[in-house]
Novice: 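Before we start, here is the structure in question, set down as structure tokens.
Below, each value reflects all heavy atoms present in this structure, side chains not excepted, and no hydrogens, waters or symmetry copies. Fair warning: this is a prediction, and the values are worked out from it, not measured in the lab. The chains referred to below are lettered A, B, ... by the order of the sequence lines, with proteins before strands, and numbering in each begins at 1.
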There are 2 protein chains.
Amino acid sequence: MYTIGQVAERFQLPISTLRYYDKEGLLPGIERKSGRRLFSDVEIEALHVIECLKASGLEIREIRQFMKWCIEGAETYGKRKELFEARKKAVEEEMTRLQKTLDLIRFKCWYYEQAIKDGTEEKLQAMIPDKLPKKLRELYDNGHQ
Amino acid sequence: MYTIGQVAERFQLPISTLRYYDKEGLLPGIERKSGRRLFSDVEIEALHVIECLKASGLEIREIRQFMKWCIEGAETYGKRKELFEARKKAVEEEMTRLQKTLDLIRFKCWYYEQAIKDGTEEKLQAMIPDKLPKKLRELYDNGHQ
DNA sequence: ATAAAACCTAAACTTGACTTTAGGTCAAGA
DNA sequence: TCTTGACCTAAAGTCAAGTTTAGGTTTTAT
């Protein structure tokens with residue numbers, strides 16, 4: 001059993017955030033001793049899942065719904081699985097988007113490197129439409145679809 | 001030259017968002033004709049960069065700073081390059097984080113699949129600590145570092 | 001010429017996820 | 001015992017990134 005301070009330290013989260021999660025129903029059935037929250041391994045695991053779902057882009061209110069399903073037991077296995085399947089898809093799409101973002105960023109890094117190395121921006125801008133090396137041209141185009 | 005409506009359509013953004021970007025200084029020096037904004041290729045390119053920087057996690061106020069640097073000309077090449085280098089690092093880190101998130105999500109998908117297929121949650125939970133196939137065990141651990 | 005569609009501004013409002021504040025309770029060490 | 005640090009709640013505040021509203025102007029199609 002851990003105090004709220006110990007858990008905050010372990011997850012590197014402010015205590016106020018843990019209280020907020022509890023208030024929002026993300027830690028249903030957490031034990032109390034004379035008013036103080038007692039975090040057990042169940043809550044530690046819940047916090048791992050909360051961080052995972054948050055990182056996947058899920059909102060607090062949807063995480064609360066998931067926690068409700070957990071309490072309802074076996075009858076909600078299907079809903080819970082579908083939720084994670086949907087998060088999988090969302091995260092995969094976000095990674096694809098970030099990969100495209102990265103392509104354009106890499107192009108811009110190269111672009112400014114050239115600009116610093118050998119000339120004015122004007123020269124370079126004239127260069128983009130047709131004289132770009134094939135690989136960089138692809139990076140540029142990727143960023144602009 | 002494009003109207004705000006045409007650009008909104010092209011980028012699939014609400015018109016109000018384009019006005020907001022302009023108000024926040026993200027489209028410096030945009031032309032006007034009798035009060036109406038006229039988007040040229042310069043603004044189209046700016047919007048591509050705005051979407052890229054936003055996707056990388058940059059805030060509006062920092063994108064405004066970047067746009068100011070663009071106006072200042074060649075003397076800010078260094079600052080602009082450093083900004084993109086920093087965004088590259090940030091996006092790479094985010095992708096690493098999302099990969100870990102995905103590992104845990106995949107584990108949860110598998111977990112609920114098992115739960116639905118062959119039994120109660122209790123049996124499964126007892127199974128996690130030691131009887132997990134090696135590959136899934138790794139997924140689980142990845143999600144909990 | 002006129003009416004609808006597209007545009008404009010300023011200012012207020014919204015939303016989500018916290019954080020801060022104010023005022024109090026509890027417990028462990030000196 | 002006392003006091004200090006860790007904890008508690010409710011309610012208000014904050015912040016970013018828009019969105020909505022209200023009232024007005026301009027363009028375009030009939």
Side-chain angles (χ1 to χ4, degrees), chain A residues 1-40 43-44 46-68 87 90 94 97 101, chain B residues 1-40 43-44 46-68 87 90 94 97 101:
Chain A
M1 290 315 237
Y2 316 92
T3 67
I4 199 170
Q6 291 169 328
V7 175
E9 173 68 17
R10 175 154 164 191
F11 282 85
Q12 288 292 291
L13 286 173
I15 288 176
S16 62
T17 298
L18 292 173
R19 293 207 185 106
Y20 167 71
Y21 287 169
D22 185 20
K23 196 172 51 151
E24 291 299 309
L26 269 43
L27 301 170
I30 185 172
E31 239 185 273
R32 301 255 186 163
K33 193 180 175 184
S34 59
R36 282 138 193 249
R37 291 170 187 85
L38 285 179
F39 290 72
S40 72
E43 280 74 40
I44 299 298
L47 283 170
H48 282 302
V49 174
I50 288 165
E51 297 223 304
C52 169
L53 291 176
K54 263 176 59 66
S56 85
L58 213 65
E59 290 178 13
I60 297 295
R61 110 176 72 90
E62 304 174 272
I63 302 179
R64 170 174 46 229
Q65 178 59 262
F66 171 76
M67 292 303 174
K68 280 183 191 160
R87 290 341 286 159
E94 175 63 9
R97 193 175 79 109
T101 298
Chain B
M1 292 313 238
Y2 316 92
T3 66
I4 198 170
Q6 291 169 329
V7 175
E9 174 68 16
R10 176 155 163 190
F11 280 86
Q12 289 292 291
L13 286 173
I15 288 177
S16 63
T17 299
L18 293 172
R19 293 208 184 104
Y20 167 71
Y21 286 170
D22 185 20
K23 195 172 52 151
E24 290 299 308
L26 268 45
L27 302 169
I30 185 172
E31 241 186 271
R32 300 257 185 161
K33 193 181 175 184
S34 59
R36 281 139 193 249
R37 292 170 185 84
L38 285 178
F39 290 72
S40 72
E43 280 75 40
I44 300 299
L47 283 171
H48 282 303
V49 174
I50 289 165
E51 297 223 305
C52 168
L53 291 176
K54 263 177 58 66
S56 85
L58 212 65
E59 289 178 13
I60 298 295
R61 106 176 75 89
E62 304 175 271
I63 302 179
R64 170 174 45 229
Q65 178 60 262
F66 171 75
M67 293 303 173
K68 280 183 191 161
R87 290 341 285 160
E94 176 62 10
R97 195 176 77 110
T101 298

Novice: Can you tell me if the side-chain N/O atoms of B:Lys33 get under 4.0 Å from OP1 or OP2 in D:dT25?
Specialist: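 No, because none of the side-chain N or O atoms of B:Lys33 sits under 4.0 Å from OP1 or OP2 of D:dT25.
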Novice: Check whether any side-chain heavy atom of A:Glu31 lies under 4.5 Å from a side-chain heavy atom of A:Glu43, and answer yes or no.
Specialist: no
Novice: Starting at CD1 of A:Ile50 and ending at P of C:dG16, how long is that distance when rounded to a whole Å?
Specialist: 18 Å
Novice: Measure across B:Arg87 and B:Leu53 and return the closest heavy-atom pair with its distance rounded to 0.1 Å.
Specialist: CG-CD2, 4.0 Å
Novice: Quick one: A:Glu62 CD to C:dT15 P, roughly how many Å, whole number?
Specialist: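 Distance check: A:Glu62 CD to C:dT15 P gives 15 Å.
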Novice: More than 12 non-hydrogen atoms from neighbouring residues, nucleotides or ligands closer than 6.0 Å to CD on A:Glu9, yes or no?
Specialist: no
Novice: Heavy atoms only: give me the nearest B:Gly25-B:Met67 pair and the separation to one decimal.
Specialist: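 Smallest interatomic distance, heavy atoms only, reads O-CB, 4.0 Å.
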Novice: Please tell me which of A:Ile15 and B:Ile60 maps to the more 5' nucleotide of DNA chain D, matching each residue to the nucleotide holding its nearest heavy atom.
Specialist: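 Its nearest nucleotide lies further toward 5', so the answer is A:Ile15.
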Novice: Expressed in angstrom and rounded to an integer, what is the separation of B:Leu13 atom CG from D:dA17 atom C1'?
Specialist: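 Value for this atom pair: 13 Å.
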Novice: Here's a test of your reading of the structure: between B:Glu59 and B:Ser34, which maps to the more 5' nucleotide of DNA chain D?
Specialist: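 So the residue in question is B:Glu59.
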Novice: To the nearest Å, give me how far apart CG (A:Leu58) and P (C:dG16) are.
Specialist: 13 Å
Novice: From CG of B:Asp22 over to P of C:dC7, roughly how many Å is that when rounded to an integer?
Specialist: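 About 14 Å, once rounded to whole Å.
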Novice: Output yes when at least one side-chain N/O atom of B:Tyr21 is less than 4.0 Å from OP1 or OP2 of D:dG18, else no.
Specialist: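 Yes, because at least one side-chain N or O of B:Tyr21 sits under 4.0 Å from OP1 or OP2 of D:dG18.
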Novice: Kindly indicate whether the side chain of A:Ile44, heavy atoms from C-beta on, has any atom under 4.5 Å from the side chain of A:Arg10.
Specialist: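 A:Ile44 reaches A:Arg10 side chain to side chain.
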Novice: Between A:Ile60 and A:Tyr20, is any pair of side-chain heavy atoms under 4.5 Å apart?
Specialist: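 Contact flag for A:Ile60/A:Tyr20 side chains = yes.
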Novice: Reckon A:Thr17 has a side-chain N or O less than 4.0 Å from the OP1 or OP2 of C:dT19?
Specialist: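 A:Thr17 to C:dT19 OP1/OP2: side-chain N or O found under 4.0 Å.
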Novice: If you take any heavy atom closer than 4.0 Å to DNA chain D, which residues from residues 1-11 of chain A end up in contact?
Specialist: A:Thr3, A:Ile4, A:Gly5
Novice: Over how many whole Å does the gap from A:Arg61 atom CZ to C:dA17 atom P extend?
Specialist: 7 Å
Novice: Considering every strand and a 4.0 Å limit on heavy-atom distances, what is the contact class for A:Glu24: base, sugar-phosphate, or nothing?
Specialist: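 Nothing, no nucleic acid heavy atom in range.
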Novice: Compare side-chain N and O positions of A:Arg32 against OP1 and OP2 of D:dT9 and report whether any pair is under 4.0 Å apart.
Specialist: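 So the side-chain polar atoms of A:Arg32 do come within 4.0 Å of the phosphate oxygens OP1 or OP2 of D:dT9, strictly under.
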Novice: Decide yes or no, distance alone: a donor-acceptor N/O pair under 3.5 angstrom between the base of D:dA6 and the side-chain of A:Arg36.
Specialist: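 Side chain to base: pair present.
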Novice: Let me know, please, whether B:Arg19 or B:Lys23 comes out on the 5' side of the other along DNA chain C by nearest nucleotide.
Specialist: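 Taking each residue's closest nucleotide, the earlier one in sequence belongs to B:Arg19.
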Novice: Can you measure B:Arg64 atom CZ to D:dA17 atom P for me and round it to whole angstrom units?
Specialist: 10 Å
Novice: Over how many whole Å does the gap from A:Ile30 atom CD1 to D:dC7 atom P extend?
Specialist: 12 Å
Novice: Under a 4.0 Å N-O cut-off, is there an ion pair linking A:Glu51 with A:Lys54?
Specialist: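 A:Lys54 and A:Glu51: not salt-bridged.
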